[in-house]
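Report on the following structure.
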Amino acid sequence: MRARRASPALLRPVRGAFAALSAFAVLWGLVSCAGGPSLEHRGAITAPPGDSRDLAIGSAGFTESELLAQMYAALLDHAGYRTHVLTVGNRELYEPALEAGQIDVVPEYAATFADWLNAKEHGPEAAPVASPDLDGTMTALRRLAAPRGLTVLPAGRAVDQNAFAVRAAYAAEHHLRTLSDLGRAKLPVRLAAGDECVQRPFCAPGLRKTYGIDITAVDPKGVGTTPAKQAVQNGQDQMVLTTSTDATLDQFGLVVLADDRKLQNADYVVPVVNRARAGSARPTAALNRLNHVLTTEDLAHLNEQVDSWRRLPADVAHNYLVSKGLLKD
């Protein structure tokens, strides 16, 4: 559903010449072997979990992914590893590179990645395996990831999933706190979202079926874009599709309505690692330290510092980890 996670293919270096050479190696490997090593010949799947000293951290190229990748790199550096961050613009590129060991660690989203791997394994028409239940989603995700030589580490507290926001004044006028409240109010709702919202089960069809909301039209202004939020701010539309880590809603006078019937899937942040290179206890322990502190609200605030305050993701990530006592300044 998220447009920002389907950004155009992009591969660019982040840290110096070594990162540039590594980025070229990833690109060359993907061009020459787009699907990664064959499952039949990949000994890494059954090999003991690895502990490589040099680790490539992948980022999907949008702000939140860059921040998470920088935090992973900093925690692994602190644990004694040598890391570099590679920005690879979409899952179709970085997932095969992760299988091949050209990228060792990536930040992912449990439900989105589970359904993506399921579609890759069983075809685009395969029934979804993700759900609002985190435990069930993680079980399905790990079952799909393991045969590909991937280990999914525990999910933390932060979740980035679809969210729906309205004007604060509109919510106050109609006594709206939840999506159920909006359904009961029987108000006509024009929804600012991506054009795919018309068909996606977690968007307009789900709002109608789960909450009884009268979606009269979808205004195709994108997911959480400035024009979409402005359309709700000025009353052209009544609701906007954004994400739970959007920290700019206050600037437009918008508030999120709670997904009280759990329409959205469990898109918790999870690190995914190449088992043969980074699946051992030591890198796992380093990355799991973030799970104890990072919340959805924290992630929204970190996004805001980069997107609105124009700070560098590496600096924002470092300062956050210092503030939480995970690094020393």
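Just so it is clear, the values below take in all heavy atoms, side chains as well, and ignore hydrogens, waters and symmetry mates. Sequence positions, counted from 1, serve as the residue numbers for this chain.
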What do the steps show when you test L249 against V255 for side chain to side chain contact (heavy atoms under 4.5 Å, CB included), and what is the final call?
CA-CA 7 Å; L249 296 177; V255 293; over 6 Å; no

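- Under the 4.5 Å side-chain criterion, counting only non-hydrogen atoms from C-beta, V106 is not in contact with P271.
- In terms of modelled atom types and a separation under 3.5 Å, the side chain of N288 and the main chain of L153 share no donor-acceptor contact.
- In summary, the side chains of Q264 and D259 do not present any donor paired with an acceptor at a separation below 3.5 Å, with no hydrogens or angles considered.
- Hydrophobic clustering keeps V198 apart from V240 (ILVMFWY residues linked when any side-chain heavy atoms are closer than 4.5 Å, directly or through intermediates).
- In this structure, N319 contributes its side chain and D315 its backbone to a donor-acceptor pair below 3.5 Å.
- Using a 4.5 Å cut-off on side-chain heavy atoms (C-beta onward), L68 and L299 make contact.
- At most 12 non-hydrogen atoms from other residues, nucleotides or ligands lie less than 6.0 angstrom from OH of Y268.
- By the 4.5 Å heavy-atom criterion applied to side chains, C203 and L241 are counted as neighbours.
- The backbone N or O of L191 sits nowhere less than 3.5 Å from a side-chain atom of D219 that would complete a donor-acceptor pair.
- Both L294 and V322 are assigned to one and the same hydrophobic cluster, defined by single-linkage of ILVMFWY side chains at heavy-atom distances under 4.5 Å.
- Nearest heavy-atom pair across I215 and A204 is CG2-CB, 4.2 Å.
- Side chains of F113 and E95 form a contact here, defined as non-hydrogen atoms less than 4.5 Å apart.
- Counting only distance, with no hydrogens or angles, the side chain of N90 and the backbone of E92 share a donor-acceptor pair below 3.5 Å.
- Looking at heavy atoms from C-beta onward, F164 lies out of side-chain contact with I213 at the 4.5 angstrom threshold.
- Annotation for L321 and A74: closest pair CD1-CB, 3.7 Å, computed over non-hydrogen atoms.
- Follow the hydrophobic side-chain contacts under 4.5 Å out from V293 and you reach L327 in the same cluster.
- The closest donor-acceptor contact from the side chain of D181 to the backbone of T178 lies under 3.5 Å.
- Salt-bridge formation is detected for the pair K120/E99: a Lys NZ or Arg NE/NH1/NH2 atom is positioned less than 4.0 Å from an Asp or Glu carboxylate oxygen.
- The shortest heavy-atom contact between L263 and P201 is CD1-O, 3.9 Å.
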Between R142 and M138, is a side chain to side chain contact (heavy atoms under 4.5 Å, CB included) present by the stated rule, with each step listed?
CA-CA 6 Å; R142 285 171 167 151; M138 289 291 287; 3.6 Å; yes

What do the steps show when you test E64 against V306 for side chain to side chain contact (heavy atoms under 4.5 Å, CB included), and what is the final call?
CA-CA 9 Å; E64 188 169 293; V306 175; over 6 Å; no

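- Side chain of R282 to backbone of A79: a donor-acceptor contact under 3.5 angstrom is found.
- Remark: R261 engages S180 in a side-chain hydrogen bond (donor to acceptor under 3.5 Å, both in side chains) (not counting sequence neighbours).
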Check step by step if salt bridge (charged side-chain N to carboxylate O under 4.0 Å, His left out) holds for D260 and K262.
CA-CA 6 Å; D260 54 308; K262 298 189 181 300; over 6 Å; no

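- Hydrophobic clustering of Ile, Leu, Val, Met, Phe, Trp and Tyr side chains at less than 4.5 Å, counting indirect connections, unites V223 with V189.
- Rounding to the nearest 0.5 Å gives a distance of 6.5 Å between SG of C197 and CG of L207.
- In this structure, R277 and V105 have side chains that are not in contact, with every pair of non-hydrogen atoms separated by 4.5 Å or more.
- With a 4.5 Å cut-off on side-chain heavy atoms, V269 and V159 do not count as touching.
- Judged by distance alone, with hydrogens and angles left aside, the side-chain atoms of S59 form no donor-acceptor pair with the main-chain N or O of L67 at under 3.5 Å.
- Put simply, CG on N303 and OG1 on T63 are 6.0 Å apart, with the number rounded to the nearest 0.5 Å.
- The existence of a salt bridge linking K229 and D246 is confirmed by a sub-4.0 Å separation between a basic side-chain nitrogen and an acidic carboxylate oxygen.
- With hydrogens and angles ignored, the 3.5 Å screen pairs a side-chain donor or acceptor of N274 with a backbone N or O of L98.
- Of all non-hydrogen atoms in S280 and D51, the two that sit nearest each other are OG-CB, 3.3 Å.
- Rounding to the nearest 0.5 Å places CZ of R184 at 10.5 Å from CG of L179.
- T137 places no side-chain N or O within donor-acceptor distance of the main-chain N or O of A111, the cut-off being under 3.5 Å.
- Counting only N and O atoms by type, the side chains of T87 and E66 include a donor and acceptor under 3.5 Å apart.
- Taking 4.5 Å as the limit, every side-chain heavy atom of V256 sits out of range of all side-chain heavy atoms of S244.
- The closest side-chain donor-acceptor pair between Y320 and Q70, if any, does not fall under 3.5 angstrom.
- In this structure a side-chain-to-backbone donor-acceptor pair under 3.5 Å is missing from N118 to A114.
- Judged purely by distance below 3.5 Å, without hydrogens or angles, the side chains of Q238 and R190 never pair a donor atom with an acceptor atom.
- Separating the CD1 atom in I57 from the OH atom in Y81 is a distance of 10.5 Å, to the nearest 0.5 Å.
- The two residues L55 and A278 have their closest heavy-atom pair at CD2-CB, 4.0 Å.
- In this structure, L76 CG and D54 CG are separated by 11.5 Å, a value rounded to the nearest 0.5 Å.
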What's the verdict on side-chain hydrogen bond (donor to acceptor under 3.5 Å, both in side chains) for E108 and Y94, showing C-alpha distance, side-chain angles and the deciding distance?
CA-CA 11 Å; E108 261 295 355; Y94 70 68; 2.4 Å; yes

Worked check of salt bridge (charged side-chain N to carboxylate O under 4.0 Å, His left out) between R208 and D214:
CA-CA 6 Å; R208 293 188 182 105; D214 181 16; over 6 Å; no

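- The nearest pair of heavy atoms linking A266 to P132 is CB-O, 3.6 Å.
- At a threshold of 4.5 Å between side-chain heavy atoms, the hydrophobic network of Ile, Leu, Val, Met, Phe, Trp and Tyr places L182 and L254 in two separate groups.
- To the nearest 0.5 Å, the span separating CG on D104 from CZ on R275 amounts to 14.5 Å.
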Before you tell me yes or no, could you show the steps for Q161 and T243 under side-chain hydrogen bond (donor to acceptor under 3.5 Å, both in side chains), namely the whole-Å CA-CA distance, both residues' side-chain angles and the distance that decides it to 0.1 Å?
CA-CA 5 Å; Q161 58 192 182; T243 66; over 6 Å; no

Carefully, step by step, assess E304 and Q251 under the rule side chain to side chain contact (heavy atoms under 4.5 Å, CB included).
CA-CA 11 Å; E304 181 183 28; Q251 299 173 23; 4.1 Å; yes

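- Between E173 and R167, none of the side-chain N atoms (NZ, or NE/NH1/NH2) sits under 4.0 Å from a carboxylate O, so this pair counts as no salt bridge.
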